[in-house]
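Excluded from the calculations below are hydrogen atoms, water molecules and symmetry mates; all remaining heavy atoms, backbone and side chain alike, are included. Naming: A, B, ... by sequence-line order, numbering from 1 per chain.
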Amino acid sequence: MEYEKIPAEQFRFVQENEKLHDIALQTKSRGFFADAMLRFRKNKSSVIAAWILLILILYSIVAPMLSPYNVRDKDDLYINYPPYVRSIAEMKLGFLDGATVMNGQGEASMDYWRGIAEETGFDPVLKIVGTHESQVMNRGKLVTRYTFDIEVNSFWSLGMVMRALSYKEFQNIQDWQNETGIQVIYPYVESSAINGLTDRPNIWYKCDSKGNAVLDKDGNFVPVYCNDPSKAGAEYNSLRIPGDDGSYVYGYGKSGAVQCRLFYYNYYIYKTGHEPMYIMGTNSVGQDIFCGIGVGARFSLLFALLVSAINLTIGAIYGAIEGYYGGWVDMTLERVSDILSGVPFVVVTTLFQLHLAQKVGVVGSFLFAFVLTGWIGMAALTRRQFYRFKGQEFILAARTLGASDKRLMFKHIFPNGIGSIITSCALVIPGVISSETSMTYLGIVNLQDFAGTTIGTLLSQGNSAVTTAPHAALYPSIFLGLLMISFNLFGNGLRDAFNPTTRGIDD
Amino acid sequence: MLKYTLQRILYMIFVFFVITFMCFVLVRMLPPPRLPPEDPHTEILELRREALGYNEPYLVQFWLFVKNLFTKFDWGLSEKLYFGRGVWEVFVEKLPATMVVNLYSILWTIPVGIALGIWAALKKNTWVDYTISTLTMVVISVPSFVYAFVIQYLLCFKLRLFPFVMKPGTDWLSWEMFKSIVPPILSLSFGVIAGFTRTTRAELTEVLTSEFMLLARTKGLTKTQATVRHALRNCFVVIVPGIFGEFIGILGGSLIIEKIFAIPGVGALTLNAINGRDYNIFMLSTCFYTAIGLAAGLVVDISYGFIDPRIRMGSKK
């Protein structure tokens, strides 16, 4: 191309007959919040945390509805039992089958399990994990003894329980048996028939004084059910077990009541109307953990929201007054917050519980304890924001135009600091949940009457049985851990997104 | 600087007394525990209560309390848990257990925490940094009793490495004792490590991007030299006060960890006093925790001045 001799007609004016002014922005303008959201979405971990958080919140809403139990339902015998759902247990997948491992079960114990299986039709032994062989001297001869490590379905291995029923109750169960065809009452076994073993209602077969089964020559159990009709306490006209010639006694006479052997699993169905279904097992008071976590989390979240809202309001107003007026007002108010922040939280909680729990309730006094010191952080934050903005020109301009103090504080200064104030709220909530959990865990505050249970209570109940029922502490731990992690990640993400000083750095 | 320090100490004492007074009044407002009628101590305790002015106005009671404190260092007698024994005596008995556990814990956590923080800052925006930062975030969020549960289950129960609870006895420095307090030490440690890692990383990344670091490199220092001589020194301005604060916090311990691992320490005593309504022990614990909290804050503030010449000079003006 030739650039030196360009003919004149090739030239034209850049702007002829046009007004020279700034062109309006072609792109759509983006507001503060929209911008923050955009920046928040770039932070992958915070987005994931937000989703997890949403799931956890949904869990806390839905779980207590899905669970067949109320948080106040406490079973007397299904205590610290592992997760169990009948339909899944029958698939033999290795989970939700109520399995606990029992080590060193001798042959006598294996007979015991077999007894339950034969009588009820529910075989409690899920699988044999290990077999140990040992040589023992017995009456001068060397005998080989076996012991087994087995996995047992706790719900089935409980087997029979002895209960004294009123005549009416006895009849009710019979009616129910006739209606549903599920056998609850099993023939009675007198303790004299099983060598005086009174503590083992599951033995129905001939045995020696240690509970070892005495088998017949085919290796079968010999039933020793009570079949003396004179000992019956009430008439029985319902389901009978196979092999019963009609003479077995089901309700054993006892003064004013009927002593019965009840198969607890079926008795449970009779009592509650459904089979036991504990997705996360039960804890040390027989509560459903699945429901308990939901109820506890619901309380924690609502409580934390309430506390944060109150503290945010108090702190914002307090900090605004401190920061705006400065001088001796600031001095005095700072001294007050210094003193309040020096009191340890445990002490505050305890004193409030001791003084106020009777007057305003446990939750009320707990709330007061949080509010007494909780707002200080928020006040300090607001105060800093006010010091930052109050000397700037736009405030001077507004004041010159005659704006009142209140208007200056809440219309001109406060909105400028609101980003950092709001986002710190997202980090206050997990703090409140954490303190609340600690206090209920320690038992300083007991919210069981009010909320049913809390995560802290569940954890402390679980911790009392770490070895025998690890699930009881595991699920609340997982829930709390996830909740805290996702809340903190979410809060950090929000803070970074709303903080204008980091804009552009991470892009 | 001296004037500033004195001012701060006096102010701290003032705050301490105000808090003590408030708590004192609130505690004395509660009905005092009933004394067992047949116990020989009961009469003495009743006389003591009379002498301590239980029926007088609260200001008089507080005056007597403070007077006893300053003249005889008398914190009163335990009226329930350790019936008739001096509260201070009981308290001092409990102190070593708490201190041993916390001392071991911070002795190894602070170096590890700082080292991880430095590593993450030097490898900023690499997978090392991302891993450490994410883990820090996760670890800092999870409450200590969750760790306690995991440690008890895995290390104590499954692997049988350590006993479940702290060994009784007073041989604080023996190997057996150390072994029995490894689980509580570990449970306490995670949070502290994560805290130091986070502070160090944040501080060091900021220092590393500052202009004097560029100057240090341009004048010919190697990266290591520049980091050690310039960056680390500057970032320790923030970290060292934190370490001091942590050392004061040794005394405080953790209520939860002491409860879980049956450590016969101050935290457990406080908890028992709360549950057993032993108000004199509770009062002492309150003062103790308040004093520790205030002292930690004070030490942090003052050490800033000693470490950072900019702050020191600033206060002289």
Practice item. State, to 0.1 Å, how close A/Ser477 and B/Phe149 come at their nearest heavy-atom pair, and which atoms those are. Key: OG-CD2, 3.6 Å

Check your understanding: Are there more than 12 heavy atoms of other residues, nucleotides or ligands under 6.0 Å from atom CD of B/Glu206?
Key -> no

Check your understanding: Which atom names give the shortest non-hydrogen contact between A/Gly443 and B/Asn275, and what distance separates them?
Key -> O-OD1, 4.2 Å

Check your understanding: What do you reckon, is CE of B/Met99 surrounded by more than 12 foreign heavy atoms closer than 6.0 Å?
Key -> no

Practice item. Taking all heavy atoms of A/Gly342 and all of B/Leu294, pick out the closest pair and write down the distance. Key: CA-CD2, 4.3 Å

Check your understanding: So how far is it from B/Ser141 OG to A/Asn492 CG, rounded to the nearest 0.5 Å?
Key -> 8.0 Å

**Study point:** Contact leader toward chain B among A/Asp338, A/Val346, A/Leu483, A/Leu340, where contacts are heavy-atom pairs under 4.5 Å
**Key:** A/Asp338

Point to revise | pair A/Tyr441-B/Ile260: side-chain heavy atoms closer than 4.5 Å | key: yes

Revision key, fill the gap. Value for CG (B/Leu255) from CG (A/Leu442), rounded to nearest 0.5 Å, stands at 5.5 Å

Check your understanding: What distance separates B/Gln152 CD from A/Thr467 OG1, expressed to the nearest 0.5 Å?
Key -> 9.0 Å

Practice item. Please step through side chain to side chain contact (heavy atoms under 4.5 Å, CB included) for the pair A/Thr437 and B/Phe145, ending with a clear verdict. Key: CA-CA 10 Å; A/Thr437 315; B/Phe145 40 93; 3.7 Å; yes

Review point. Between B/Met137 and A/Asn488, which heavy-atom pair has the shortest distance, and what is it?
Key: CE-CB, 3.1 Å

Point to revise | Contact class of A/Leu354 relative to chain B, heavy atoms under 4.5 angstrom | key: both

Exercise for review: Would you mind checking which part of A/Ser438 comes under 4.5 Å of any heavy atom in chain B, side chain (CB onward), backbone (N, CA, C, O), both or neither?
Suggested key: both

Check your understanding: Should the heavy atoms of other residues, nucleotides or ligands under 6.0 Å from CZ of B/Phe65 be counted, would the total exceed 12?
Key -> yes

Study note, to complete from the structure: Of all heavy-atom pairs linking B/Pro143 and A/Met484, the shortest is CD-CG, 4.2 Å

Revision key, fill the gap. dist B/Tyr11:OH -> A/Arg335:CZ (nearest 0.5 Å) comes out at 3.5 Å

Revision key, fill the gap. Under 4.5 Å to a heavy atom of chain A? For B/Leu271 that would be side chain

Review point. Between A/Leu474 and chain B, which part of the residue has a heavy atom less than 4.5 Å away: side chain, backbone, both or neither?
Key: both

**Study point:** Contacting moiety of B/Tyr130, where chain A heavy atoms sit under 4.5 Å
**Key:** neither

Practice item. Against chain B, label A/Pro430 side chain, backbone, both or neither, depending on which of its atoms sit under 4.5 Å from a heavy atom there. Key: neither

Exercise for review: Run the numbers on A/Leu351 and B/Phe282 for side chain to side chain contact (heavy atoms under 4.5 Å, CB included), then give the verdict.
Suggested key: CA-CA 10 Å; A/Leu351 285 175; B/Phe282 177 66; 3.8 Å; yes

Point to revise | Enclosure of B/Tyr54 OH (heavy-atom neighbours >12, cutoff 6.0 Å) | key: yes

Check your understanding: Between A/Leu480 and chain B, which part of the residue has a heavy atom less than 4.5 Å away: side chain, backbone, both or neither?
Key -> side chain

Review point. If you tally heavy-atom pairs under 4.5 Å against chain A, which of B/Val18, B/Leu30, B/Ile140, B/Val15 wins?
Key: B/Leu30

Point to revise | Derivation of the side chain to side chain contact (heavy atoms under 4.5 Å, CB included) call for A/Ile485 and B/Val142 | key: CA-CA 7 Å; A/Ile485 293 167; B/Val142 178; 3.8 Å; yes

Practice item. Tell me the residues of residues 361-371 of chain A whose non-hydrogen atoms fall below 4.5 Å from those of chain B, in number order. Key: none

**Study point:** Side chain / backbone / both / neither for B/Met12 at chain A, heavy atoms under 4.5 Å
**Key:** neither

Review point. Quick one: CZ on B/Phe157 to OG1 on A/Thr468, what's the gap to the nearest 0.5 Å?
Key: 8.0 Å

**Study point:** side chain to side chain contact (heavy atoms under 4.5 Å, CB included) between B/Thr134 and A/Ser45, worked out
**Key:** CA-CA 9 Å; B/Thr134 315; A/Ser45 62; 6.0 Å; no

Check your understanding: Do the non-hydrogen side-chain atoms of B/Met22 and A/Ile339 ever get within less than 4.5 Å of each other?
Key -> yes

